[in-house]
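This structure is a prediction, so every number in the text was calculated from the model and none was measured. Just so it is clear: chains get the letters A, B, ... in the order the sequence lines come, proteins before strands, and each one is counted from 1.
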Amino acid sequence: MAKQGYWLFKSEPAAYSFSDLMGEVDRTAEWDGVRNYQARNYLRDEVKEGDRMLFYHSGAKAKSVVGTALVVRGGYPDHTAWDPDSEHPDPKSTPEKPRWYMVDIKGEAELSNPVTLAQIKATPALENCSLLTRPRISIHPMTKEEWDIILAMGE
DNA sequence: GCCAACGTTGGC
DNA sequence: GCCAACGTTGGC
């Protein structure tokens with residue numbers, strides 16, 4: 001069995017929120033629309049079924065980790081790229097030569113207390129976490145230690 | 001293959 | 001709403 005991976009996915013709640021995920025059939029959604037190569041590489045190569053992720057709300061008001069989810073399908077081609085009616089079409093990506101990848105996630109639990117960005121910044125053990133050191137990427141790998149700390153803060 | 005222009009992200 | 005950071009594009 002592959003090593004358990006931990007991730008943090010960012011989303012603008014106005015575009016797609018954690019409650020949107022929890023409201024899906026089977027609480028499961030395709031995480032499509034990623035159009036950044038670094039994030040794509042994570043999705044394609046490293047995010048595996050069985051990995052867990054923190055759902056982070058970015059943007060003016062939220063800026064906090066609000067819940068957890070499970071990866072229920074590892075990286076596979078993002079078919080919305082070659083759908084001209086999708087929100088993120090990319091004519092350079094085709095079914096034969098997919099450029100973008102996505103995963104499927106299933107909502108698990110909402111945190112009792114959302115962990116804010118300010119709290120994360122104020123926690124010395126989290127100062128090297130990818131969320132803080134690599135701004136402007138929508139997908140961040142996390143260590144088990146970081147995962148445990150944030151979840152404990154959210155209880 | 002360089003690099004300027006441009007677009008996007010996301011905290012403030 | 002501003003703007004810094006940074007990724008992408010495209011002319012040369």
Could you please spell out the steps behind the side chain to side chain contact (heavy atoms under 4.5 Å, CB included) verdict for A:Asp78 and A:Tyr101? CA-CA 4 Å; A:Asp78 181 345; A:Tyr101 283 73; 5.6 Å; no
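- In the displayed structure, A:Glu108 atom CD is contacted under 6.0 Å by more than 12 heavy atoms of other residues, nucleotides or ligands.
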Contact state string [nucleotides 6-12 of chain B, B base, S sugar-phosphate only, - no protein heavy atom under 4.0 Å]: ---BBSS
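- Less than 6.0 angstrom separates the ring centroid of A:Trp100 from the ring centroid of A:Tyr37.
- Taking the six-membered ring where tryptophan is involved, the planes of A:Phe55 and A:Tyr16 are tilted, since the angle between them lies from 30° to 60°.
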Decide yes or no on side chain to side chain contact (heavy atoms under 4.5 Å, CB included) for A:His57 and A:Phe18, but give the supporting numbers first. CA-CA 8 Å; A:His57 280 172; A:Phe18 189 67; 3.8 Å; yes
